[in-house]
Amino acid sequence: MLSGDGTVRHDDAASHMGAVTSIEGSKVHLELTVLNGRPRVRVTVGNLVRIRAGDAVLVGIVTTLSSGSERGHRPGAYASLDLLGEIDAGRDARRFSRGVTCYPAIGDTVELLSAADLRIVHQVSATNTAAVGALYQDPDTPACIKIDDLLSKHFAVLGATGVGKSSGVTVILDEVMRARPAVRVFLLDVHNEYAASFGDRASVISPRTLKLPFWLFNLEEIADVIYGGRPAVDEEIEILAEVIPLAKSKYGQYKEASDRQIVKRSFGKGAGYTVDTPVPYMLQDLLALIDERMGRLENRVSRMHYHRLISRIEAIRNDPRHGFMFDNANVGGDMMGEILAHLFRLDPDGRPMTIMQLAGLPMEVVDAVVCVLCRLAFEFGIWSEGAVPLLFVCEEAHRFASADRSVGFTPTRRALARIAREGRKHGVHLGLVTQRPAELDATIMSQCSTLFAMRMTNARDQAFLAAAVSDATNLLTFVPSLGTGEVIAFGEGVPIPARMTFRPLPSARHPRNDASGRAAEDGATVAGAAFVGAVVERWRGATMNKLAGHDADPGAAARLGRETGPDGAQGAALEQMHRRLLRRPPETGDQAPTGGQAGAQPAKSLWQQGGA
């Protein structure tokens with residue numbers, strides 16, 4: 001048997017605590033057996049106990065302890081407990097089930113839960129569970145999660161900074177991938193700290209290796225990028241909504257034409273494309289269409305809207321920080337299938353996990369990028385009919401789905417909420433990680449049926465957690481005093497609410513920022529003007545315009561200088577660029593091949609590119 005201090009007792013008599021004195025619904029009060037003025041068995045809040053109620057064995061958790069003088073009773077020791085479920089002696093084996101079908105009676109015996117019953121309650125031997133740590137009550141008993149319920153009903157990991165959330169997430173994802181090899185995991189790594197945690201099972205995508213062409217962005221997302229998170233200009237958005245479908249149609253005609261020298265100049269109403277249809281188009285075509293419409297206008301004020309829109313687009317296109325959107329965006333033609341396979345690890349023999357590092361992306365486009373990734377994950381689930389189950393894990397979720405509707409990018413919140421509400425129907429599951437649950441959208445949080453609560457000291461966060469938990473709420477009183485790595489788990493993904501400690505990770509697998517551990521042991525190695533000068537050069541180079549890159553693009557160079565040439569000359573330049581881009585294979589490195597090397601080497605599929 002287990003005593004209150006966690007030691008194992010082997011005799012039933014030693015575990016006898018007392019007897020039931022009163023029952024109030026699911027709450028049971030009992031009087032403890034006293035020996036020499038003290039309870040005969042040491043018991044404390046959080047201990048699991050069993051009550052023999054006829055043929056049933058009820059399981060409860062101790063919530064309060066008091067002496068007789070505190071409760072107005074005769075001298076003695078008293079306890080209260082909440083009923084959690086019962087152990088059923090079935091035909092094959094004893095099983096634990098949540099909820100009770102019968103209630104105890106006055107005088108029924110109460111005992112500490114035995115080690116064997118503790119393993120039954122926590123379903124240690126069940127086929128659908130996986131161990132993620134050890135129980136606080138008995139460190140020798142594994143703490144298990146129910147993988148199917150954890151995934152299908154979403155989960156959240158909550159806790160303040162430095163309490164071990166990232167290590168806990170690593171342990172959970174380890175067990176998910178081990179128990180469900182078919183599940184693909186996509187992790188938004190806000191602080192670039194998970195790269196070393198999963199080894200060769202994960203493909204790490206950094207801002208330098210990310211390929212997310214601008215034409216995959218819908219109108220709201222591309223507008224957020226163009227305006228850097230600031231309010232958009234309605235007149236300019238109307239222009240975009242008109243010309244983007246035409247640019248898509250133009251690209252399609254170039255792609256389909258057998259002789260690319262002959263292209264019709266009339267494109268109707270976009271050949272059925274909408275502004276949000278995920279098909280490629282070329283930025284040169286978009287700018288040429290805007291420029292053409294500007295040339296037809298005589299009103300100076302109206303022309304300014306077109307001119308400013310062109311200037312905004314060219315500014316972000318020339319910003320090297322946006323290279324993941326615009327560099328080689330049309331090389332190889334329509335690469336949407338390759339991009340999806342690369343992002344969500346759709347190769348059945350490839351790595352099952354993607355770590356998307358967000359640190360290093362321009363702050364003003366992070367929301368739009370996260371929105372695109374959420375939307376692609378959900379819509380792939382819809383149109384594939386859930387053929388490839390995907391777990392989408394969002395670190396720092398309160399940043400992207402704030403409870404304050406005036407903060408953040410509304411489409412990002414909407415995309416996450418859509419996964420939370422409807423994703424399970426299409427094989428898209430959600431995992432949220434946050435240090436400020438009170439700042440997270442309550443609608444999204446309400447869809448997470450499993451909560452892992454680590455140490456939180458903020459009163460608002462504790463109140464939010466109390467409102468989200470429906471059973472064993474007494475355990476919430478331990479949340480402010482939990483140790484590092486300790487967690488209280490509630491909900492559908494665990495057999496019963498339990499306090500546990502996540503399994504420790506090897507030091508090499510601890511999540512940490514890429515910059516941590518880089519500080520030299522000898523400060524002299526980084527001191528001096530040479531080191532500082534190199535840092536300054538990298539800093540400046542990351543935000544320098546790429547004007548030199550337009551030397552090979554006569555059309556773009558003409559627009560940058562606002563040179564207006566004959567329509568025929570500009571059209572010929574654009575047609576030449578169409579032919580060049582459509583015929584080149586996709587790039588696999590950071591630098592584009594030059595000259596005759598462009599088509600010399602076969603292109604690798606994106607999921608075959610090392611750790612990219």
Side-chain angles (χ1 to χ4, degrees), residues 84-85 93 95-98 118-135 141-158 164-188 194 197-199 201-202 344-346 348 351-355 377 381 386-395 397 419-420 422-433 447-454 471 485 487-505 509:
L84 300 176
R95 299 180 182 276
F96 173 78
S97 59
R98 297 283 289 271
L118 194 63
R119 295 179 69 88
I120 292 173
V121 167
H122 288 279
Q123 301 181 16
V124 173
S125 302
T127 56
N128 65 334
T129 60
V132 295
L135 293 177
T141 301
C144 298
I145 57 175
K146 298 189 289 186
I147 297 293
D148 291 340
D149 289 335
L150 183 82
L151 292 178
S152 64
K153 300 176 182 177
H154 310 318
F155 68 92
V157 180
L158 319 173
K165 289 194 309 296
S166 300
S167 295
V169 170
T170 301
V171 172
I172 292 171
L173 297 184
D174 266 345
E175 295 304 322
V176 168
M177 290 188 287
R178 183 176 295 111
R180 298 291 179 270
V183 173
R184 293 297 180 258
V185 179
F186 188 91
L187 172 61
L188 290 176
Y194 288 96
S197 297
F198 297 95
R201 291 178 299 166
F344 302 127
R345 314 309 304 165
L346 302 182
R351 302 171 181 177
M353 182 178 188
T354 298
I355 298 174
V388 181
L390 174 69
L391 172 59
F392 194 96
V393 183
C394 181
E395 269 271 4
I419 294 177
E422 308 170 35
R424 69 193 69 180
K425 304 174 185 176
H426 308 291
V428 183
H429 314 298
L430 183 65
L432 302 178
V433 186
Q447 299 295 323
C448 295
S449 298
T450 305
L451 302 180
F452 297 92
M454 306 187 78
D471 54 355
V487 60
I488 299 177
F490 305 89
E492 301 291 338
V494 289
I496 63 169
R499 182 175 176 178
M500 64 181 74
T501 302
F502 279 124
R503 180 176 63 244
L505 294 170
R509 294 190 58 206

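Computed from a predicted structure; not experimentally measured.
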Ignoring hydrogens and geometry, is there a side-chain-to-backbone donor-acceptor pair from [X] to [Y] under 3.5 Å?
X    : Y    : result
T129 : C144 : no
H154 : C448 : no
T450 : F155 : no

With rounding to the nearest 0.5 Å, note down the distance linking [atom1] in [X] to [atom2] in [Y].
X    : Y    : atom1 : atom2 : value
S197 : M353 : OG    : CE    : 8.0 Å
H122 : I496 : NE2   : CD1   : 4.0 Å
L150 : L391 : CG    : CG    : 8.0 Å
I419 : C394 : CD1   : SG    : 9.0 Å
F186 : T354 : CZ    : OG1   : 6.0 Å
S166 : L187 : OG    : CG    : 9.0 Å

Do you know which two heavy atoms are closest between [X] and [Y], and how far apart they sit?
X    : Y    : result
V121 : P495 : O-CB, 3.3 Å
H426 : E422 : CD2-O, 3.3 Å
L135 : A143 : CD2-CB, 3.9 Å
P389 : H429 : CB-NE2, 4.4 Å
V494 : F490 : CG2-C, 3.8 Å
G381 : V428 : CA-CG2, 4.0 Å

Is there side-chain contact between [X] and [Y], with at least one heavy-atom pair below 4.5 Å?
X    : Y    : answer
V393 : L188 : no
Y194 : E395 : yes
V176 : L151 : yes
R180 : I147 : yes
M177 : V185 : yes
P352 : R345 : no

Given L390 and V183, is the side-chain contact (heavy atoms from CB on, under 4.5 Å) satisfied, shown in steps?
CA-CA 6 Å; L390 174 69; V183 173; over 6 Å; no

Which residues satisfy the side chain to side chain contact (heavy atoms under 4.5 Å, CB included) test with [X], sequence neighbours excluded?
X    : value
R509 : T170, D174, F198, R201, L505, P506
S449 : K153, E492
V487 : F452, M454, M500, F502
A182 : none

Which residues share a salt bridge (Lys or Arg N to Asp or Glu O under 4.0 Å) with R424, sequence neighbours left out:
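Testing R424 for salt bridge (Lys or Arg N to Asp or Glu O under 4.0 Å), a comparison that skips the adjacent residues, returns none.
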
Counterpart residues, side-chain hydrogen bond (donor to acceptor under 3.5 Å, both in side chains), relative to E175 (two or more places apart):
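Residues passing side-chain hydrogen bond (donor to acceptor under 3.5 Å, both in side chains) with E175: R178, R503.
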
